[in-house]
Colleague: 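Structure below; questions to follow.
Each chain gets a letter, A, B and so on, in the order its sequence line appears, and its residues count up from 1.
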Number of protein chains: 2
Amino acid sequence: MPARKRIDRERVLGVSLALADANGFEAVTLASVAKALGIRIPSLYNHVAGLPGLRYEMALWGLRQLGDDLRRAAVGKAGDDAIISLAHAYRAFAHTHPGIYRATLRAASPDESELVAASQDVLDVVLAVMEPYGFSPDDQLHIIRALRSLLHGFVDLEIGGGFGMALDRDESFGQLVELFVQGLHARQVRAVDR
Amino acid sequence: MPARKRIDRERVLGVSLALADANGFEAVTLASVAKALGIRIPSLYNHVAGLPGLRYEMALWGLRQLGDDLRRAAVGKAGDDAIISLAHAYRAFAHTHPGIYRATLRAASPDESELVAASQDVLDVVLAVMEPYGFSPDDQLHIIRALRSLLHGFVDLEIGGGFGMALDRDESFGQLVELFVQGLHARQVRAVDR
DNA sequence: TTGACAAACTAATCAGATTAGTTTATAGTC
DNA sequence: GACTATAAACTAATCTGATTAGTTTGTCAA
């Protein structure tokens, strides 16, 4: 009877990514992916290493895409403008790809070199934007953690429906970014004083 | 044969909460809870409304506890001190109860009145602390969203192993809170100017 | 033409959630 | 002290999903 339906790893991943954004990260099961592809569940094991393997690939794809988006957003901008642009690109990615965004939150273990590299690539973009502010290397990292916390926290709560009040979320986000930038300047002044 | 092992809803919830913090939110299954209690899975349905019901109760317990902790932390303090104390209490809760913290992230639907009330109670504590800064009601809410994003983002990344660098996390958190407070002051000054 | 391989399949097992229906310990009543 | 209603346990059955083992079959290249 059947064999060959021209399915490869890319098709599997593509369908999984689409399902994640359409129905949520949790909705990406081997069952739902196989159904979308018109094949039986065990056939998927010819292309990906089970559900954990599929999730790994989703995380990798997402992190790479996020890195690209952030790089694109920061190009040709400097200082506060660059940070603001970065922030909006981060949020836009999470909005466009809510399910994939969740997938990227998987922590990379040191032996997962591709994922580590993709994470480093994202970090590099932010480091480049933070460079001109002249903080010490450690402070730079502390500040990047703060920015990442702020962005992740906001979009995670937003996606999860955690903001109950009927209050414009775009406005909230704008003020949040502004607040970060102002806090950054305050710290910068203080650092120069020393 | 058997009946009566003196198990009630509180015992079920208690075991579930303990499992969540010990092994993670995902590890709280009806199977693991039943095993810990020494009963069969279906017996749990005498006490909780399945897994969704159990998760609801965990979220409710967690939100109430968080509200209590925050209130305790803010008592007798004002202004920046109160905010800093609140921030550290928030993080401490997430550290002490990582699994329960995850459970609290469940968005409350309007008909889940107990959960809505518990969420409101948490919000009230933060509103009270923010009150003296003199922002407009809307701005107050925007700023609270920023604070919540910052805190949630940090602890979520922290718990999830998202901070890869070997850099002191306590120090990062301290700087993050400081940055927020300074951003707050910058916004306050600006608001007064108008 | 044919044979090796990739990629599909079926079958079987396991874990977990849920529902239906059954049994029994115990608390409260007569 | 016996009796009965009920709460709280149970077994059995079903369902979904993941995984592994082993089988079959197109297709490409020699």
Side-chain angles (χ1 to χ4, degrees), chain A residues 1-61 99-100 102-103 105-107 109 112, chain B residues 1-61 99-100 102-103 105-107 109 112:
Chain A
M1 285 199 190
R4 279 334 107 69
K5 276 190 186 169
R6 322 188 123 277
I7 287 167
D8 56 10
R9 212 178 61 171
E10 275 193 33
R11 284 246 293 151
V12 173
L13 181 57
V15 163
S16 304
L17 295 169
L19 279 174
D21 286 340
N23 307 328
F25 176 71
E26 306 293 336
V28 182
T29 62
L30 294 187
S32 65
V33 172
K35 189 168 191 179
L37 288 166
I39 62 177
R40 300 310 181 104
I41 300 176
S43 307
L44 288 173
Y45 285 79
N46 289 315
H47 308 292
V48 294
L51 190 58
L54 182 57
R55 287 179 171 170
Y56 176 87
E57 305 218 38
M58 292 171 70
L60 183 57
W61 189 93
I100 299 174
R102 289 266 185 172
L105 298 176
R106 180 188 185 299
S109 94
E112 300 172 320
Chain B
M1 284 195 195
R4 279 335 109 67
K5 277 192 187 172
R6 323 187 121 273
I7 287 168
D8 56 9
R9 210 177 62 171
E10 275 193 34
R11 284 246 293 152
V12 173
L13 181 57
V15 164
S16 304
L17 295 170
L19 279 174
D21 286 340
N23 307 328
F25 176 70
E26 306 294 335
V28 181
T29 63
L30 294 188
S32 66
V33 172
K35 188 167 192 181
L37 287 166
I39 61 177
R40 301 309 181 105
I41 300 176
S43 307
L44 287 174
Y45 286 78
N46 288 315
H47 307 293
V48 294
L51 191 57
L54 181 56
R55 287 179 171 169
Y56 176 87
E57 304 218 40
M58 291 172 68
L60 183 57
W61 189 94
I100 299 174
R102 290 264 184 172
L105 298 176
R106 182 185 184 299
S109 97
E112 300 172 321

Colleague: So, is A:Arg40 near the phosphate of C:dT10, with a side-chain N or O under 4.0 Å from OP1 or OP2?
Modeller: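 So the side-chain polar atoms of A:Arg40 do come within 4.0 Å of the phosphate oxygens OP1 or OP2 of C:dT10, strictly under.
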Colleague: Given atom CG of B:Leu30 and atom P of D:dT16, what is their separation to the nearest angstrom?
Modeller: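 So the CG-P distance, B:Leu30 to D:dT16, works out to 18 Å.
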Colleague: Name the closest nucleotide to the B:Ile7 side chain, picking from D:dA9, C:dT18, D:dG17.
Modeller: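 Of the candidates, D:dA9 comes closest.
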Colleague: How far apart are the closest heavy atoms of B:Ala36 and B:Leu19, and which atoms are they?
Modeller: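 B:Ala36 and B:Leu19 have their closest heavy atoms at CB-CD1, 4.4 Å.
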Colleague: Can you tell me the distance, in whole Å, between the CG atom of B:Leu37 and the P atom of D:dA9?
Modeller: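 Rounding to the nearest Å, CG of B:Leu37 and P of D:dA9 are 9 Å apart.
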Colleague: Is a donor-acceptor contact shorter than 3.5 angstrom present between the side chain of A:Asn46 and the base of C:dA6?
Modeller: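 Looking at the base of C:dA6, it does not pair with any donor or acceptor on the side chain of A:Asn46 (distance under 3.5 Å).
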Colleague: Taking 4.0 Å as the cut-off, does a side-chain nitrogen or oxygen of A:Tyr45 come that near to OP1 or OP2 on D:dT19?
Modeller: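 For A:Tyr45, the contact criterion (side-chain N or O under 4.0 Å from OP1 or OP2 of D:dT19) is met.
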Colleague: Quick one: which of C:dA20, C:dG16, C:dT10 gets closest to the side chain of B:Pro42?
Modeller: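 Selected nucleotide: C:dA20.
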Colleague: Closest nucleotide of DNA chain D for A:Ser32 versus for B:Ser43: which of these residues is on the 5' side?
Modeller: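 Of the two residues, B:Ser43 wins.
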Colleague: Atom CG of B:Leu19 and atom P of C:dG16: how far apart are they, to the nearest Å?
Modeller: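 Going from CG in B:Leu19 over to P in C:dG16 covers 12 Å.
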Colleague: Starting at atom CZ of B:Arg55, determine the distance to atom C1' of C:dT18, rounded to an integer number of angstrom.
Modeller: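 Value for this atom pair: 14 Å.
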Colleague: Can any side-chain N or O of A:Ser16 pair as donor or acceptor with the backbone N or O of A:Val12 at less than 3.5 Å?
Modeller: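 Such a contact is found between A:Ser16 side chain and A:Val12 backbone.
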Colleague: Grab the CD1-C1' distance between A:Ile41 and C:dA12 for me, whole Å please.
Modeller: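 Roughly 14 Å, once rounded to whole Å.
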Colleague: Whole Å only: how far is the CG atom of A:Leu51 from the C1' atom of D:dT20?
Modeller: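 Atom CG in A:Leu51 sits about 16 Å away from atom C1' in D:dT20.
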Colleague: With a 4.0 Å cut-off, would you call B:Glu57 and B:Arg9 a salt bridge?
Modeller: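 Yes.
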Colleague: In whole angstroms, how far is the C1' atom of C:dT24 from the CZ atom of B:Arg6?
Modeller: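 Answer to the nearest Å: 16 Å.
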Colleague: Examine D:dA9: is either OP1 or OP2 under 4.0 Å from a nitrogen or oxygen in the side chain of B:His47? Give yes or no.
Modeller: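 True: B:His47 side-chain N/O within range (under 4.0 Å) of D:dA9 OP1/OP2.
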Colleague: Checking the side chain of B:Asp8 only, and the main-chain atoms of B:His47 only, is there a donor and an acceptor separated by less than 3.5 Å?
Modeller: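 No, the answer is negative, given that no donor and acceptor are paired below the 3.5 Å cut-off.
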Colleague: Just the rounded figure in Å: distance from P of C:dC9 to CD1 of A:Ile39.
Modeller: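 The answer, rounded to whole Å, is 6 Å.
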Colleague: Using modelled atom types and a 3.5 Å cut-off, is there a donor and acceptor pairing between side-chain atoms of B:Asp21 and backbone atoms of B:Ile100?
Modeller: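 A pair under 3.5 Å: yes.
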